[in-house]
Amino acid sequence: DVQLVESGGGSVQAGGSLRLSCAASGYAVRHDCMGWFRQAPGKAREGVAAITRSNAYTYYAASVKGRFTISREKPMTIVYLGMTELQAEDAGMYYCAAASSLVPPRLILTPTAFNDWGQGTQVTVS
């Protein structure tokens with residue numbers, strides 16, 4: 001079984017920071033890309049950040065660029081999302097996801113490009 005387990009969510013005041021972690025285990029195949037997505041109530045799931053396995057290229061949604069940082073521990077069994085200057089619009093359920101095949105850059109923040117998902121960790125900003 002493939003498992004992705006997120007942690008680190010919580011409640012913060014606007015302007016605060018959090019660091020989310022995603023622990024990956026049970027992979028039978030190499031995963032080429034891992035990403036963070038979020039979903040607010042009544043809204044579609046959206047890509048936040050992604051990182052590739054081979055060269056650690058990072059990608060960010062425009063709304064979080066400069067405030068969020070995605071990073072990994074080799075060999076990408078743990079992926080982090082550092083979040084600073086949190087705003088009310090950043091609140092939601094944050095999901096870790098992994099793609100077992102190469103994802104073109106133009107799709108790298110698209111949920112359908114990822115085939116394995118964690119259960120999510122809640123982020124609340126007040």
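Side-chain atoms are counted along with the backbone in the values below, which use heavy atoms only and exclude waters and symmetry mates. Not measured: the values here are computed from a predicted model.
Annotation for Ala98 and Leu4: closest pair N-CD1, 3.8 Å, computed over non-hydrogen atoms. Contact record, Cys33 with Ala50: SG-CB, 4.1 Å, taken as the closest heavy-atom pair. Glu6 approaches Gly120 most closely through the heavy-atom pair OE1-N, 2.9 Å. Closest heavy-atom contact between Pro111 and Trp117: O-CZ2, 3.4 Å. Heavy atoms only, all atoms of each residue included: Tyr95 and Gln119 are closest at CE2-O, 3.4 Å. Of all non-hydrogen atoms in Ala40 and Ala91, the two that sit nearest each other are CB-O, 3.9 Å.
Looking only at atom types and distance, the side chain of Gln122 has no donor-acceptor partner in the side chain of Tyr94 under 3.5 Å away.
Neither Ile51 nor Tyr57 shares a network with the other; the hydrophobic side chains, linked directly or stepwise wherever heavy atoms of I, L, V, M, F, W or Y lie under 4.5 Å apart, form separate groups for each. Taking hydrophobic clusters as Ile, Leu, Val, Met, Phe, Trp and Tyr residues chained together by side-chain heavy-atom distances below 4.5 Å, Val64 does not share a cluster with Phe114. No single ILVMFWY cluster, assembled from side-chain heavy atoms under 4.5 Å apart, contains both Leu109 and Met34. A continuous path of Ile, Leu, Val, Met, Phe, Trp and Tyr side chains, each step under 4.5 Å between heavy atoms, connects Tyr59 with Val103, placing both in one hydrophobic cluster. In this structure, Val123 is a member of the same hydrophobic cluster as Val48, with clusters built from ILVMFWY side-chain heavy atoms closer than 4.5 Å.
In this structure, the separation between OG on Ser71 and CD on Glu73 is 8.0 Å, given to the nearest 0.5 Å.
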For this session: Show your working on side chain to side chain contact (heavy atoms under 4.5 Å, CB included) between Glu46 and Gln39 and close with a plain yes or no.
Result: CA-CA 6 Å; Glu46 62 174 352; Gln39 189 166 18; over 6 Å; no

For this session: Could you go through the side chain to side chain contact (heavy atoms under 4.5 Å, CB included) check for Thr52 and Asp32 one step at a time?
Result: CA-CA 6 Å; Thr52 61; Asp32 286 284; over 6 Å; no

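Under a 3.5 Å cut-off, the side chain of Arg19 and the backbone N or O of Leu81 do not form any donor-acceptor pair. Judged purely by atom type and a 3.5 angstrom limit, Thr121 uses its side chain to pair as donor or acceptor with the backbone of Gly9. A donor-acceptor distance shorter than 3.5 angstrom exists from the side chain of Arg67 to the backbone of Glu85, with no hydrogens or angles considered.
In this structure the side chain of Ile70 reaches within 4.5 angstrom of the side chain of Trp36, judged on heavy atoms.
Under the rule for a side chain to side chain contact (heavy atoms under 4.5 Å, CB included), the partners of Leu86 that lie at least two apart in sequence or sit in another chain are Val12, Leu18, Phe68, Met83, Asp90, Val125.
Taking the ring centre of Phe37 as origin, the terminal cationic atom of Arg45 falls outside the region bounded by 6.0 Å and 45° from the ring axis.
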